[in-house]
Amino acid sequence: MTIQQIEIYNTLTRKKEKFVPINPPFVGMYVCGPTLYSDVHIGNCRTFISFDLIYRYLVHAGYKVRYVRNITDVGHLEDEVAGAGEDRIGKQARLKKLEPMEIIQRYAFGFREVMSILNILPPSIEPTASGHIPEQIEMTQKIMEKGFAYEKDGNIYFDVEKFSKTNNYGILSGRNIEDQLDNTRTLDGQEEKKGRLDFALWKKAKPEHIMRWNSPWGIGFPGWHIECSAMSQKYLGETFDIHGGGMDLIPTHHTNEIAQSVGCCGVVPVRYWVHTNMLTLNGQKMSRSLGNVFLPVELFTGMKLAADSPTATPSQAKLEGKHPLFEKAYSPMCVRFFILQTHYRSTLDFSNEALQASEKGFERLMNAVNTLEKLKPSEKSSADIKSLHAKCYAAMNDDFNSPILLAHLFDGVKIINSIHAGTAIVSKEDLTLLKKTFRDFVFDVLGLKEEKETSNNDELANNLMNLVLEIRNEAKSKKDFSTSDKIRDGLAKAKISIKDSKEGTTWEIEN
RNA sequence: GGUCGGGUGGCCGAGCGGCUAGGCAGAGCUCUGCAAAAGCUCCUACAGCGGUUCAAAUCCGCUCCCGACCUCCA
């Protein structure tokens with residue numbers, strides 16, 4: 001396998017660049033993972049699906065990827081402004097009388113289950129912030145030694161204005177620091193910080209704050225951005241290839257990550273910054289603060305999570321009633337397909353209509369994948385399979401353009417169906433390539449998988465269906481169509497659909 | 001208010017100077033006892049107004065709408 005030449009859109013330069021890893025064929029990729037103070041919503045899932053696509057393609061393209069995706073579990077401040085000094089995880093722990101780590105464990109379990117259901121591959125390393133407190137303290141110390149941070153009553157703040165005198169603080173967001181400082185918006189509780197853009201590296205814990213660790217500056221907990229800098233550096237080095245996350249992280253989280261790393265080590269931490277766009281609902285970003293989020297389990301079932309459900313983990317959630325947003329349940333692979341039909345840098349608006357279109361499209365694609373296995377080769381080909389194969393790579397090489405890839409695969413679907421219908425032919429060699437193309441791209445790269453219950457593994461069902469279909473075919477051959485239609489209608493009521501073809505009758509269970 | 005990104009056919013979504021994706025829906029035809037599936041054909045759009053160019057959905061300017069970020073958020 002030759003390594004593909006990939007172009008990646010780099011937020012740093014605002015254009016597509018040739019992807020050249022620091023130490024080929026090795027690639028270091030860090031993606032900001034979930035903050036486990038609540039359940040992941042489907043908007044979060046979009047980001048993880050996008051990076052799963054990128055990870056899968058890099059691996060498929062021949063790279064040896066170390067993919068690090070963190071879990072933030074130290075409890076970021078919920079309401080520093082009002083002086084509450086209580087983190088979200090700690091707050092829930094008190095209210096529900098649970099240990100903080102008990103809550104983390106539950107959300108982590110649910111998160112991993114949802115990832116698995118969506119066929120998102122686990123990263124190479126999934127480090128937790130709470131497991132890397134010493135690294136974060138050490139990094140904070142280094143930043144202080146370099147003079148880019150100051151202490152104030154047990155809190156350590158990063159000095160953005162000082163940093164910006166020798167560095168371009170807004171290099172990622174494209175904002176200049178004067179504009180940001182001039183921002184008329186006023187925030188309360190800023191008196192501790194020297195500058196309004198300064199951010200905490202370490203926070204002193206109030207007595208009621210449950211998640212706490214010892215540090216050179218007293219009992220406290222790490223700031224909101226330091227864990228990603230510390231953990232990426234630990235596992236990928238001071239400078240690594242790709243750093244990703246949702247684009248809402250650009251102006252603050254990632255901007256501060258760069259400042260921390262540069263402030264600590266004097267080198268830029270990341271070569272390619274990759275950002276995914278948001279999932280919207282009626283044109284509005286799905287977010288917790290807007291309250292327009294829905295959960296994967298609700299989408300997969302079309303049901304509403306019960307108010308007293310102890311968890312939103314799909315396998316354990318308690319559901320009640322139809323979800324007002326969904327006309328029906330949408331399967332995980334339908335959702336994945338829906339997301340992959342849009343480029344990762346575009347916003348994607350959720351709607352029943354769009355989801356149902358994806359459902360049909362996904363089914364058509366998977367039917368063709370199955371048909372492909374039954375095709376017989378001919379002497380030569382009437383379609384250009386090599387070109388199709390090349391176009392699939394070209395699409396992915398162009399900034400992981402999955403919608404274009406799918407468009408090409410659907411061209412392939414037409415070819416497959418035409419061959420099956422006898423209006424096109426393929427050579428043996430081309431058929432092998434066509435099969436490889438579909439297997440590689442549909443399963444390995446796009447990460448789609450068959451969801452239909454393959455009836456073959458249920459001997460009882462198979463035997464029964466064979467008998468029923470045999471009776472129906474006998475009736476048909478006697479032109480006893482009322483009997484044959486009665487069988488078909490009866491099966492349809494039992495959610496079993498059948499299709500007559502030249503090779504015989506096939507059946508499947510509708511989802 | 002500042003910064004950034006958008007407005008594409010009935011819907012979803014690519015493209016980002018010439019070759020006018022793809023999916024879904026709709027119409028007709030073929031196949032079929034009828035369905036379903038599949039094949040063929042049709043429906044040909046780029047917010048508005050100017051400009052640059054032999055050529056613009058694609059570049060430039062203005063206008064109108066929408067969104068994101070500036071405060072935790074994928």
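As the structure is a computational prediction, the values presented were derived from the model and not from experiment.
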What is the distance from NZ of A:K285 to P of B:G6, rounded to the nearest Å?
18 Å
N or O in side chain of A:T252 less than 4.0 angstrom from B:C72 OP1/OP2:
no
RNA chain B in dot-bracket, Watson-Crick or G-U pairs under 3.5 Å, [ ] crossing, | other strand?
(((((((..(((.....[...))).(((((.......)))))....(((((..]....))))))))))))....
Rounding to the closest angstrom, what is the interatomic distance between B:A56 and B:C19 at atom C1'?
15 Å
Applying ring-ring contact (aromatic ring centres under 6.0 Å, His included) to A:F326 and A:F300, what does each step give before you reach the verdict?
CA-CA 10 Å; A:F326 310 129; A:F300 300 154; 9.7 Å; no
Once you round it to whole Å, what is the distance between P of B:A74 and CD of A:E257?
13 Å
Look at the side chain of A:R175 against the base of B:C70 and say whether a donor-acceptor pair falls under 3.5 Å; ignore hydrogens and angles.
no
A:T505 and A:D500: side-chain donor and acceptor closer than 3.5 Å?
yes
A:S346 vs B:G13: side-chain N/O to OP1/OP2 distance below 4.0 Å
no
Rounded to whole angstrom, note down the C1' distance from B:A55 over to B:C16.
15 Å
Which value, in whole Å, describes the distance between the P atoms of nucleotides B:C60 and B:C4?
14 Å
What contact category does A:A354 fall into here, base, sugar-phosphate, or nothing, at under 4.0 angstrom with non-hydrogen atoms?
sugar-phosphate
Between A:I120 (CD1) and B:A74 (C1'), how many Å, whole number?
12 Å
Rounded to the nearest angstrom, tell me the gap between atom CG in A:N256 and atom C1' in B:C73.
15 Å
Please tell me which of the listed nucleotides, B:C73, B:A25, B:A14, lies nearest to the side chain of A:P403?
B:A14
Just by distance, no angles: are the side chains of A:D73 and A:S130 close enough, under 3.5 Å, to form a donor-acceptor pair?
yes
At under 4.0 Å between heavy atoms, what does A:H420 touch on the DNA or RNA strands: base, sugar-phosphate, or nothing?
nothing
Write down the distance between CG (A:N277) and P (B:A74), rounded to a whole number of angstrom.
15 Å
Would you kindly say whether A:T72 and A:E227 are connected by a side-chain donor-acceptor distance under 3.5 Å?
yes
When the side chains of residues 49-57 of chain A are checked against the rest of the protein, which donor-acceptor pairs come out under 3.5 Å, sequence neighbours left out?
residue, atom, partner, partner atom, Å
A:S50, OG, A:R46, O, 3.0
A:D52, OD1, A:L121, N, 2.9
A:D52, OD2, A:R56, NE, 2.8
A:D52, OD2, A:R336, NH1, 3.0
A:D52, OD2, A:R336, NH2, 2.8
A:R56, NH1, A:F443, O, 3.4
A:R56, NH1, A:D444, O, 3.1
A:R56, NH2, A:N119, O, 2.8
A:Y57, OH, A:N397, OD1, 2.6

B:A57 versus B:U8 - spacing of their P atoms, nearest Å:
15 Å
For residues A:D349 and A:S351, is any side-chain donor paired with an opposing acceptor at under 3.5 Å?
no
Determine: side-chain N/O of A:R196 to OP1/OP2 of B:C70, distance under 4.0 Å, yes or no.
no
Any Lys/Arg nitrogen of A:R345 or A:D399 sitting under 4.0 Å from an Asp/Glu carboxylate oxygen of the other?
yes
Which whole-number value in Å describes the distance from A:H225 NE2 to B:C73 P?
7 Å
Would you indicate which nucleotide in B:G15, B:A74, B:C69 comes nearest to any side-chain atom of A:N401?
B:G15
C1' spacing across the pair B:U20 / B:A45, given as an integer number of angstrom
10 Å
Considering heavy-atom distances to RNA chain B, does A:E353 or A:S358 have its closest nucleotide positioned more toward the 5' end?
A:E353
Aromatic ring centroids of A:H254 and A:H225 under 6.0 Å?
no
If you check every side-chain atom of A:T47, which of B:A21, B:C73, B:A74 has the closest atom?
B:A74
Using heavy atoms and a sub-4.0 Å distance, could you list which residues of residues 9-16 of chain A are near RNA chain B? By number, please.
A:R14
Would you tell me if any nitrogen or oxygen in the side chain of A:R288 comes within less than 4.0 Å of OP1 or OP2 on B:A74?
yes
Measuring centre to centre across the rings, with the benzene-like ring taken for any Trp, is A:W224 within less than 6.0 Å of A:H253?
no
Counting heavy atoms from C-beta on, name the nucleotide in B:A68, B:G15, B:A21 closest to the side chain of A:Q284.
B:A68
Taking the same atom, C1', in B:U30 and in B:C49, what whole-Å distance lies between them?
48 Å
Checking A:H420 now: which residues fulfil ring pair (Phe, Tyr, Trp, His ring centres under 6.0 Å) with it, not counting sequence neighbours?
none
Which nucleotide, B:C11, B:G22, B:C24, lies nearest any side-chain atom of A:F410?
B:G22
Just how far, in rounded Å, is P of B:G13 from CG of A:L340?
14 Å
Pairwise N/O distances under 3.5 Å, protein to nucleotides 31-38 of chain B:
residue, atom, partner, partner atom, Å
B:G33, N1, A:D485, OD1, 3.0
B:G33, N2, A:D485, OD2, 2.7
B:C34, O2, A:R488, NH2, 2.5
B:C34, N3, A:R488, NH1, 2.8
B:C34, N3, A:R488, NH2, 3.3
B:C34, N4, A:D500, OD2, 3.2
B:A35, N1, A:D500, N, 3.4
B:A35, N3, A:R488, NH1, 2.9
B:A36, N1, A:D500, O, 3.1
B:A38, O3', A:N417, ND2, 3.1

Going by atom type alone, with no hydrogens or angles, which donor-acceptor pairs under 3.5 Å involve a side-chain atom of residues 287-294 of chain A and a protein atom two or more places apart or on another chain?
residue, atom, partner, partner atom, Å
A:S287, OG, A:S289, OG, 3.4
A:S287, OG, A:L290, N, 3.4
A:R288, NE, A:S38, OG, 2.8
A:R288, NH2, A:S38, OG, 3.1
A:R288, NH2, A:D39, O, 3.2
A:N292, OD1, A:S287, N, 2.9
A:N292, ND2, A:K285, O, 2.9

May I ask you to say what A:G43 touches in the nucleic acid, namely base, sugar-phosphate or nothing, with a heavy-atom cut-off under 4.0 Å?
base
Of A:K360 and A:P34, the one whose closest nucleotide on RNA chain B sits nearer the 5' end is A:K360
Does A:R364 make a cation-pi contact with A:F410 (under 6.0 Å, within 45 degrees of the axis)?
no
Taking the P atom of each, how far is B:C54 from B:G2, in whole Å?
38 Å
Is the positively charged end of A:R69 above the ring of A:Y30, judged by distance under 6.0 angstrom from the centroid and angle within 45° of the axis?
no
Taking any heavy-atom pair under 4.0 Å as a contact, classify A:L279: base, sugar-phosphate, or nothing.
base
Proximity to the side chain of A:A357 - top-ranked nucleotide from B:G23, B:C73, B:C69
B:G23
Could A:K328 and A:Y330 be counted as a cation-pi pair, given that NZ or CZ must be under 6.0 Å from the ring centre and within 45° of the axis?
yes
B:G15 and B:C34: how far apart are their C1' atoms, nearest whole angstrom?
43 Å
